[in-house]
J.: 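Okay, handing you the structure first.
Note that ligands are numbered from 1 as they come in the structure, with each ligand's atoms numbered from 1 the same way.
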Amino acid sequence: MCMKLTDSVKTLTGVGPVVERGLQKLGLETIGDLLNYFPRKWEDYSKITKIRSIRPGNVALLAHVETIHARRSFRNRRLAITEAILSDGTGTIKATWFNQPYLAQTLKPDEEYLFAGVFEFKNSFLSLQNPTFEKIEGKQAGGRIFSVYPENKVITSKIIRKLVAQCIDLSSSLSDYLPVEIEKDHKLTNYAEAIRNLHQPESTQQLEEAKRRLAFGELFSLILTSLVLKRQIKTEVSPKVSFKLEYVEKILGQLDFKLTDAQRKVAWQIFQDLEGEHPMNRMLEGDVGSGKTLVALLAAAQAIKAGYQVALMVPTEILARQHAKTAEKLLNPLGIKTELLISALKTAEKKLIHDQLASGDIGLVIGTHALLGEKVEFKNLGLIVIDEQHRFGVNQRRAIKTKAKTMPHVLTMTATPIPRSLALVVYGDLDISVIDELPPGRKPVKTQVVFDSVRGEVYKHIEGRIAAGEQVFVVCPLIDESDVGGRRSVTAEADRLNKIIFSHRRLAILHGKMKPDEKESIMTDFRNGKYDILISTTVVEVGVDIPNASVIIIENADRFGLAALHQLRGRVGRSGQQAYCYLFTDSDSPTTVKRLGALERSNDGFRIAQIDLELRGPGEIYGARQHGQLDLRLTDVTDAKLIAEVHAVAQAFLDQDKMVKYPYIMKRVDELKALTTLE
Ligand code: ADP
Ligand code: MG
């Protein structure tokens, strides 16, 4: 038989219409798909136990069936039980299967099988429970490591193993993007062999080598792409912004605090980038409340005074308005015109701003996605700042750049830091600056995971804080739906708090369905102290700065990601007062306890990001869609050592100009470019 990778799975023995449909549901249509369907885990049954020396636990046996029969359970007539006596010459044991009566026909006496399963007590007898089994054929006389695949109702791992066994030889026609010379230099298994060993490992060492080889390949093309992007930007000529100290002094002179050392350091890095020959492409990471906005405004002032325009793009209207106020206060005294551009503006207002952007009158525009609008044109856009960059998609980040006539400086900012090793992979094209300290006097937010039983005490505490003149956030996962799956909604919660507990306090609500000017006036009033408690959805998650707020309650906290919770917590304690965060949950599952507990123990965004990554994996965190395409299937993104190694290899490959020798790599890099941050 002469099979090809593109052949349908139907050509394999054992694939009838039912199995075919089952495979289809898993996305497996061709033999190539099947070989590219990776195991989810492996069960090690490579050590064969002799029955004579068997102990309870996971065991693998080479044995034949002495007797086998199926019967009904005595207690439950609907339950079919199949029992067999297995023998390997050193002794016999009993094996039991439930609801698979046909096994009595499948398993042939006198044939030899590999049985693998758990040997344990059931109804006071020791027996091998529901063991999987495979017929021993040819040289396969030892035990083995079983690949376990993502399954569905029809397609079990056993079926996949059988199908893969029929076509595994075709793996020799598979290859990936890793150049053979690198494979050789680094003593890596070749790709085809790695695929074979991933499906049918003969030892744990072989399996580990296969995984490492495949992860190496995945990382190589990704990291190479980011390095290519990085090099490409070095061919662009930047808007030249020479540094003037007087503007920094003028801005800082208006403040009643000094820059932290960390702010000073990153501001300096940015100023140097702005002066450089090539455009800046830098990410500024800094924990919630570390003062990124000010750094961005210092940079903006330099660019504007050098004759360029600056766009500051933020994910929410609330944040845009807040930044616009800050910018106006700090930059207008320098003679810089700042404007807010959000979709809520009236048509005439927008038109005016569009005109003033086109004519160059506006120095700094602060806006939401409205900045991406077709009618937005700049005279001379030289610097783009993207705040809370993780809230924007690749396409949006790309779209704003098309507003500039030549490659502008780009500064992205985030309070959701990612571990350095992973940053090399997903943001390898960016330079990274970190603000690693908070302004002095900030106290860690006291965080507590709480259950309903202590609700009364929590409210009592809040009452005390309000009496002391402080303000409170209450965050709910829903807007007005009543209690979907035990989740609380803003409107119901506001009603409840208003009626019973806080009837003498001033409450307001805020959520995404409200009209923009309504939202705006609520935020302004809350900031001015007109309300004691703001009950809202996560619209307040990013960036919102209410210096007087000292308590935040988060309802159904288990419904939110760790990064989001950390961001929400960052809304309180922003002016040096002791602040509190109560995470309400009704779940006591171990994962919830572990996740939420991380917030109790740490106030460090970096630490929390690391824990989040370990618990959920990168796909969940950095956008499943995007990273599905990035195709990191075997890479352990916490494996800093491997990542650093591949990074060095890719860098050398690029530096030695070897890429031209490998057209297929160039093609892959082009594909990946379309998925990553730049271009
Ligand atoms: P984030 O980094 O989360 O965006 P912000 O830029 O919103 O933080 O700053 C948080 C608060 O800290 C703001 O009220 C800001 O005015 C204040 N702030 C910024 N830098 C300093 C500093 N060096 N000392 C004291 N307060 C500062
Ligand atoms: Mg911010």
J.: Go through the side-chain N and O atoms of T412 and Q389 and say whether any donor and acceptor fall under 3.5 Å apart.
T.: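 No pair is found: no donor N or O on one side chain lies under 3.5 Å from an acceptor on the other.
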J.: Among all protein heavy atoms, pick out the one at the shortest distance from atom 1 (P) of ligand 1; state its residue, atom name and that distance to 0.1 Å.
T.: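 In this structure, atom 1 (P) of ligand 1 has K292 NZ, 3.4 Å as its nearest protein heavy atom.
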J.: Please list, in number order, the atoms of ligand 1 under 4.0 Å from a heavy atom of L259.
T.: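 The list of qualifying atoms is 23 (N).
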J.: Counting from 1, what ligand 1 atoms have a heavy atom of K258 closer than 4.0 Å?
T.: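 The atoms of ligand 1 under 4.0 Å from a heavy atom of K258 are 22 (C), 23 (N), 24 (N).
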J.: Which of the numbered atoms in ligand 1 are below 4.0 angstrom from a heavy atom of P439?
T.: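 So the atoms of ligand 1 that pass are 21 (C), 22 (C), 24 (N), 25 (C), 26 (N), 27 (C).
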J.: Might you point out which heavy atoms bring G286 and K292 nearest each other, and give the distance in Å?
T.: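 Scanning both residues completely, I find the closest heavy atoms to be O-NZ, 2.8 Å.
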J.: Starting from atom 18 (N) of ligand 1, find the nearest protein heavy-atom neighbour and note its residue, name and distance.
T.: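 Going by distance alone, atom 18 (N) of ligand 1 is nearest to F257 CZ, 3.7 Å.
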J.: Any idea how F243 and W268 line up, ring-wise: parallel (<30°), tilted (30 to 60°), or perpendicular (>60°)?
T.: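 The arrangement is perpendicular - the two ring planes meet at more than 60°.
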J.: Starting from atom 12 (O) of ligand 1, find the nearest protein heavy-atom neighbour and note its residue, name and distance.
T.: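 Nearest protein contact, heavy atoms only, for atom 12 (O) of ligand 1 is R442 NH2, 2.8 Å.
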J.: Does any N or O in the side chain of R391 come within less than 3.5 Å of the main-chain N or O of V314, such that one atom is a donor and the other an acceptor?
T.: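 Absent.
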J.: I'd like to know whether ligand 1 has G286 as a neighbour, heavy-atom separation below 4.0 Å.
T.: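 It does not; every heavy atom stays at 4.0 Å or beyond.
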J.: Could you tell me if the side chain of L298 sits less than 4.5 Å from the side chain of L259, heavy atoms only?
T.: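 L259 reaches L298 side chain to side chain.
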J.: Mark the output for G289 as yes if a heavy-atom distance to ligand 1 is under 4.0 Å, and as no if none is.
T.: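 So G289 counts as touching ligand 1.
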J.: Considering only protein heavy atoms, which is closest to atom 13 (C) of ligand 1, and at what distance to one decimal place?
T.: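 For atom 13 (C) of ligand 1, the nearest protein heavy atom comes out as D545 OD2, 3.3 Å.
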J.: Indicate whether any N or O donor in one side chain lies under 3.5 Å from an N or O acceptor in the other, for D558 and S587.
T.: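 No pair is found: no donor N or O on one side chain lies under 3.5 Å from an acceptor on the other.
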J.: Using heavy-atom distances only, which candidate in V288, T293, L438, D287 approaches atom 4 (O) of ligand 1 most closely?
T.: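 That would be T293.
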J.: Pick out which of T537, V475, V474 makes a side-chain contact (heavy atoms from CB on, under 4.5 Å) with V490.
T.: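 Exactly one pass, corresponding to T537.
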J.: Note the single closest protein heavy atom to atom 7 (O) of ligand 1, along with its residue, its atom name and the distance in Å.
T.: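 Looking only at protein heavy atoms, the one closest to atom 7 (O) of ligand 1 is R574 NH2, 2.9 Å.
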J.: Give me the nearest non-hydrogen protein atom to atom 20 (N) of ligand 1 as residue plus atom name, then the distance to 0.1 Å.
T.: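 Atom 20 (N) of ligand 1 sits closest to the protein heavy atom Q263 NE2, 3.0 Å.
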J.: I need the atoms of ligand 1 closer than 4.0 Å to a non-hydrogen atom of T260, numbered in the order shown.
T.: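 Those of ligand 1 that fall under 4.0 Å from T260 are 23 (N).
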J.: Is there any N or O on G291 that sits under 3.5 Å from an N or O of ligand 1?
T.: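 There is such a contact, yes.
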J.: Testing the basics here: between G512 and K519, what is the closest heavy-atom pair and its distance to 0.1 Å?
T.: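 It is O-NZ, 3.9 Å.
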J.: Heavy-atom contacts under 4.0 Å between M413 and ligand 1: side chain, backbone, both, or neither?
T.: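 M413 to ligand 1: no contact under 4.0 Å from either part.
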